[in-house]
Amino acid sequence: RAGRKRFFTRTARNKAIVQVALDSRTEGSPVVRSGTKTHPVSHEAGVALVDAAARFRLGRKREAWLRAEVLHGRREALFQALAAGMGYKNNKVPFLLVAQRVRLARAAAAGGEALLFGIAGFLEAKRFDAGTDATRGYSRGLWDEWWAIRDREARLQIPADAWSMGAQRPQNHPHRRMGALAAMAMDFEAMEQAVTTADASAFARALAGLNHPFWQTRCSLDGSPLNPPCALVGSQRAVDLAANILAPAAGTTAGEEILRCLRAGSPSGKVRRSMAWLGIEPRSAATALAHQGLIQVYEDFHPADPGDLMERILDSAS
């Protein structure tokens, strides 16, 4: 359906792609498997399944967090997790590699922003003649700092073909996300304190308070403007970061409570399909905990028959 907000899908050259609204009546139709329609489980059984799947997913993320904490230390693990979160699904790996190769101490030091952009491979001399005076001045400043250290750091650069630049909203361009990561490194203490105390409200405030005069009004190093200006980390991304970083870091019990209190944003494609497949009502899937469970069930079991799935689970439990 066409929502009230306008969304953009762009090519790598930032050209808008025509969108077509499909008939919404097909969205909730039953899944077809082997030529027959599935018979959804009861609503109560579906909710219980999703709840269990969410706890399982949280446990796996908790284990991953503890491994990263042992390997890199708590501060470094948090910085890397934030970087992976800014990469969304298409650029998670290159963002994580940039964070691992730069590390928090250097990212937060003088010249750290230029180092992040340089290791990412985003600083190209051809960009410096494009855009407004403000755009050229910002890019030139990054280049001057990167030029002085480029020879010793070039071996760590991420190759250009590792990045996915298309199929995303302008405000989510990787250049802008890297600028947000630089702002996080400079204001890291507030986020670290929120994670240490498992305070979801403080975590959201820390993300909302991030500031960068250039990246709040532009979406790429080419100087493409954002109209109107927007926050470096939106409310939807803040919820995702809390679900994927704050909750696992808090522990299983506290993390589950955080997820249960977090109101989820717009459901992803996996969440919508999982709700339709299990026959779960939207009002029962309004929290981040429910979304996490729906994603886990979809990834593990879709498109198996929900009735057969529940029978297998009950048999194994008995």
Side-chain angles (χ1 to χ4, degrees), residues 8 10-16 79 82-83 85-88 90-188 210-234 237:
F8 297 89
R10 302 272 179 164
T11 67
R13 295 188 177 184
N14 210 34
K15 301 293 185 182
F79 180 60
L82 288 168
M86 295 314 294
Y88 294 53
N90 292 330
N91 288 308
K92 184 178 296 186
V93 172
F95 261 92
L96 177 60
L97 290 175
V98 169
Q100 290 176 339
R101 295 176 183 186
V102 174
R103 301 185 71 80
L104 175 61
R106 292 206 298 168
E113 187 170 354
L115 185 60
L116 287 170
F117 277 88
I119 295 299
F122 292 161
L123 298 182
E124 302 172 283
K126 65 182 181 180
R127 297 184 183 277
F128 303 151
D129 294 328
T132 63
D133 290 342
T135 299
R136 291 194 297 271
Y138 174 73
S139 299
R140 174 58 65 181
L142 293 179
W143 176 259
D144 288 344
E145 291 179 321
W146 170 246
W147 179 262
I149 60 175
R150 186 176 65 162
D151 287 345
R152 76 166 187 260
E153 303 286 351
R155 64 185 180 83
L156 299 176
Q157 273 189 288
I158 307 299
D161 60 5
W163 294 98
S164 175
M165 295 293 186
Q168 57 205 332
R169 304 174 193 173
Q171 60 265 38
N172 292 335
H173 193 284
H175 291 173
R176 190 168 189 270
R177 297 180 203 163
M178 192 61 69
L181 182 62
M184 289 178 181
M186 295 299 294
D187 193 22
F188 193 75
L210 292 173
N211 179 56
H212 195 295
F214 183 83
W215 289 114
Q216 283 175 281
T217 59
R218 292 170 180 82
C219 62
S220 72
L221 284 170
D222 294 330
S224 302
L226 281 174
N227 189 21
C230 62
L232 291 180
V233 178
R237 179 51 32 179

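The structure displayed is predicted, hence computed values, not measured ones.
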Quiz item: Short question: side chain of Glu113, backbone of Gly179 - any donor-acceptor pair under 3.5 Å?
Solution: no
Practice problem: Search all heavy atoms of Ala114 against all heavy atoms of Leu123 and return the closest pair with its distance. | Solution: O-CD1, 3.8 Å
Quiz item: Ser220 versus Asp222: any side-chain heavy-atom pair under 4.5 Å?
Solution: yes
Practice problem: Flag the pair Phe122 / Trp146 as yes when their ring centroid distance falls below 6.0 Å, and as no otherwise. | Solution: no
Practice problem: Check the angle between the aromatic planes of Phe214 and His212 and answer parallel, tilted or perpendicular using the 30° and 60° thresholds. | Solution: perpendicular
Quiz item: Can you name the residues that form a side chain to side chain donor-acceptor pair (under 3.5 Å) with Arg237, not counting sequence neighbours?
Solution: Asp240
Quiz item: For Asn90, what residues pass the side chain to side chain contact (heavy atoms under 4.5 Å, CB included) criterion, not counting sequence neighbours?
Solution: Ser164
Quiz item: CG/Asn172 to CE/Met86 distance, rounded to the nearest 0.5 angstrom?
Solution: 8.0 Å
Quiz item: Could you state the interatomic distance from CG (Leu115) to CG (Leu142), rounded to the nearest 0.5 Å?
Solution: 11.0 Å
Quiz item: Aromatic rings Trp215 and Phe117: how do their planes relate, parallel, tilted or perpendicular, breaks at 30° and 60°?
Solution: parallel
Expected list for residues 98-110: side-chain donor-acceptor pairs under 3.5 angstrom, two or more places apart:
residue, atom, partner, partner atom, Å
Arg101, NH1, Leu156, O, 2.7
Arg106, NE, Val102, O, 3.2
Arg106, NH1, Glu153, OE2, 2.6
Arg106, NH2, Arg101, O, 3.1

Exercise. Output every pair passing side-chain hydrogen bond (donor to acceptor under 3.5 Å, both in side chains) with a member in residues 176-185, not counting sequence neighbours, ordered by first then second residue.
Key: Gln168-Arg177
Quiz item: In chain order, what residues pass the ring-ring contact (aromatic ring centres under 6.0 Å, His included) check against Phe95, with sequence neighbours excluded?
Solution: Trp163
Exercise. List in chain and number order the residues that pass side chain to side chain contact (heavy atoms under 4.5 Å, CB included) with Pro228, two or more places apart in sequence or in another chain; answer none if no residue qualifies.
Key: none
Quiz item: Which heavy-atom pair separates Lys92 from Tyr88 by the least distance, and what is that distance?
Solution: CB-O, 3.3 Å
Quiz item: Under 4.5 Å between any side-chain heavy atoms of Met165 and His175, yes or no?
Solution: yes
Exercise. For residues Gln216 and Leu210, report the shortest heavy-atom separation together with the two atoms involved.
Key: NE2-O, 4.4 Å
Quiz prompt | Non-hydrogen atoms of Leu221 and Thr135 that approach each other most closely | solution = O-CG2, 3.5 Å
Quiz prompt | Shortest non-hydrogen separation from Ile158 to Pro94 and the atoms involved | solution = CG2-CB, 4.1 Å
Quiz item: Shortest non-hydrogen contact from Gln157 to Gly121?
Solution: NE2-CA, 3.5 Å
